[in-house]
Amino acid sequence: MIAVELTLLSFSISKDEIGQEIKNEIRKDVPIIKQNSIMFEEFYEANEQGIRPEVRFVISSLNYNREQELEYMGERYKIVRTTSTNPDEVSLICEHRVGNVKESNSQ
């Protein structure tokens with residue numbers, strides 16, 4: 001079964017009562033316009049730079065606010081690049097997060 005929406009993830013920093021920083025995850029569900037595989041040429045070019053793109057999601061540009069991660073069907077992905085062929089849509093080129101471990105330096 002293919003999902004028709006994904007969850008964009010962003011993060012904010014707040015402080016607790018003793019001043020320690022706490023990273024808060026902000027989740028926003030958005031509909032998917034289209035999902036595509038990565039083309040071989042794009043995959044190999046990115047792989048040379050140490051990036052392993054796996055999937056491309058197309059969503060409305062109104063829903064995207066420079067988030068760095070997303071979740072789709074229970075799996076976490078890092079957004080490695082964005083492209084836009086028209087003003088209404090943005091393509092999110094994503095790589096699977098190895099082991100779904102959160103990076104400590106992600107924003």
Side-chain angles (χ1 to χ4, degrees):
M1 182 171 153
I2 296 175
V4 295
E5 68 180 19
L6 56 80
T7 303
L8 291 172
L9 305 172
S10 59
F11 303 91
S12 67
I13 302 292
S14 63
K15 293 189 178 189
D16 64 11
E17 60 278 350
I18 61 171
Q20 294 178 321
E21 289 187 349
I22 300 171
K23 187 176 180 180
N24 303 299
E25 184 177 83
I26 302 164
R27 303 172 64 83
K28 179 171 66 170
D29 294 334
V30 299
I32 298 171
I33 296 172
K34 197 176 350 178
Q35 176 186 352
N36 297 327
S37 298
I38 300 298
M39 303 301 232
F40 286 116
E41 183 177 323
E42 183 177 18
F43 175 81
Y44 288 113
E45 287 176 11
N47 198 26
E48 288 177 0
Q49 299 172 6
I51 300 169
R52 300 187 61 92
E54 295 181 29
V55 65
R56 175 192 315 262
F57 297 102
V58 179
I59 63 171
S60 168
S61 58
L62 296 174
N63 290 323
Y64 183 66
N65 193 27
R66 302 174 86 77
E67 288 88 353
Q68 304 273 322
E69 295 183 27
L70 63 85
E71 191 172 279
Y72 177 71
M73 295 186 69
E75 298 291 327
R76 224 173 246 254
Y77 293 86
K78 179 179 179 184
I79 301 169
V80 295
R81 189 166 66 91
T82 61
T83 61
S84 183
T85 55
N86 68 58
D88 298 327
E89 298 176 352
V90 62
S91 292
L92 309 175
I93 294 87
C94 305
E95 69 180 349
H96 190 258
R97 298 292 302 268
V98 178
N100 274 342
V101 176
K102 295 180 185 180
E103 290 180 5
S104 60
N105 63 353
S106 58
Q107 298 179 357

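Keep in mind that this is a model prediction, so the values were computed, not measured.
- The OH atom of Y77 sits 10.0 Å away from the CD atom of E71 when rounded to the nearest 0.5 Å.
- Closest non-hydrogen pair, Y72 versus I32, comes out as CE1-CD1, 3.4 Å.
- For the atom pair L62 CG and D88 CG, the distance stands at 7.5 Å (nearest 0.5 Å).
- Transitive grouping of hydrophobic side chains (ILVMFWY, heavy atoms separated by less than 4.5 Å) brings V30 and M73 into a common cluster.
- Counted by atom type alone, T7 and D29 present one or more donor-acceptor pairs between their side chains at under 3.5 Å.
- Salt-bridge annotation for E67 and K28: present, with a side-chain N of the basic residue lying under 4.0 Å from a carboxylate O of the acidic one.
- The nearest pair of heavy atoms linking N63 to P31 is ND2-CD, 4.0 Å.
- Between S60 and V90, the shortest heavy-atom contact is O-CG1, 4.2 Å.
- Atoms CZ and CD, from F11 and Q68 in turn, are 9.0 Å apart once rounded to the nearest 0.5 Å.
- In the hydrophobic clustering (ILVMFWY side chains linked at under 4.5 Å, chained through shared members), I18 stands by itself.
- Atom CZ in R56 sits 13.0 Å away from atom CD1 in I79 (nearest 0.5 Å).
- By the ring-ring contact (aromatic ring centres under 6.0 Å, His included) test, Y64 pairs with no residue at all, sequence neighbours left out.
- L6 and V55 fall within a single hydrophobic cluster, where Ile, Leu, Val, Met, Phe, Trp and Tyr side chains are chained together by heavy-atom contacts under 4.5 Å.
- Atom OG1 in T83 sits 10.0 Å away from atom CD in E89 (nearest 0.5 Å).
- Residues S61 and P87 come closest through the heavy atom pair OG-O, 2.7 Å.
- When all heavy atoms of S91 and V58 are compared, the closest pair comes out as OG-CG2, 3.5 Å.
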